[in-house]
Amino acid sequence: MDLYIPIIVLGVLAFAFAAGSVLMASLTGPKRWNRARLDAYECGIEPTPQPVGGGRFPVKYYLTAMLFIVFDIEIIFLYPWAVAFDRLGLFGLVEMVLFILTVLVAYAYIWRRGGLEWD
């Protein structure tokens with residue numbers, strides 16, 4: 001149990017800091033309430049009504065999300081590989097080159113579909 005004490009102390013300190021920050025902001029912040037402050041805020045643009053079914057999103061959102069996930073997965077696998085690079089030798093290098101090539105295929109697909117172009 002002694003090994004968990006620093007983790008528990010860090011968790012308690014993090015919670016105390018978060019709760020203290022919210023409490024201090026509510027105590028010291030301005031209290032001017034008006035109608036504009038209570039309205040929904042969307043970057044200064046009036047919200048447009050949405051269809052009952054929820055509407056359709058452009059495919060570019062999904063392509064961007066897929067690109068983000070692909071590169072997140074790549075980074076997750078690159079960290080342990082970089083740490084154990086000396087022990088893996090040539091086998092590890094060849095496997096990582098193959099992995100990066102498969103990731104580049106996904107990148108080329110997204111690039112080809114126009115997922116990197118914003119209008």
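Residues: numbered from 1 along the sequence shown.
Hydrophobic clustering (ILVMFWY, side-chain heavy atoms < 4.5 Å, transitive): Val97 and Phe91 are in distinct clusters.
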Side chains of residues 12-27: which donor-acceptor pairs under 3.5 Å do they make with residues two or more places apart or in other chains?
{"from": "Ser21", "atom 1": "OG", "to": "Phe17", "atom 2": "O", "distance (Å)": "2.8"}
{"from": "Ser26", "atom 1": "OG", "to": "Val22", "atom 2": "O", "distance (Å)": "3.4"}
{"from": "Ser26", "atom 1": "OG", "to": "Leu23", "atom 2": "O", "distance (Å)": "2.8"}

Would you tabulate the side-chain donor-acceptor contacts of residues 73-90 under 3.5 Å, counting partners in other chains and residues two or more places apart, or write 'none'?
{"from": "Trp81", "atom 1": "NE1", "to": "Gly92", "atom 2": "O", "distance (Å)": "3.2"}

Item to check | Val9 and Ile5: CA distance, side-chain angles, deciding distance, side chain to side chain contact (heavy atoms under 4.5 Å, CB included) verdict | outcome: CA-CA 6 Å; Val9 169; Ile5 290 176; 4.1 Å; yes
Next on the checklist: As a quick check of understanding, evaluate side chain to side chain contact (heavy atoms under 4.5 Å, CB included) for Tyr107 and Val70, giving each step before the final call.
Outcome noted: CA-CA 8 Å; Tyr107 178 71; Val70 163; over 6 Å; no
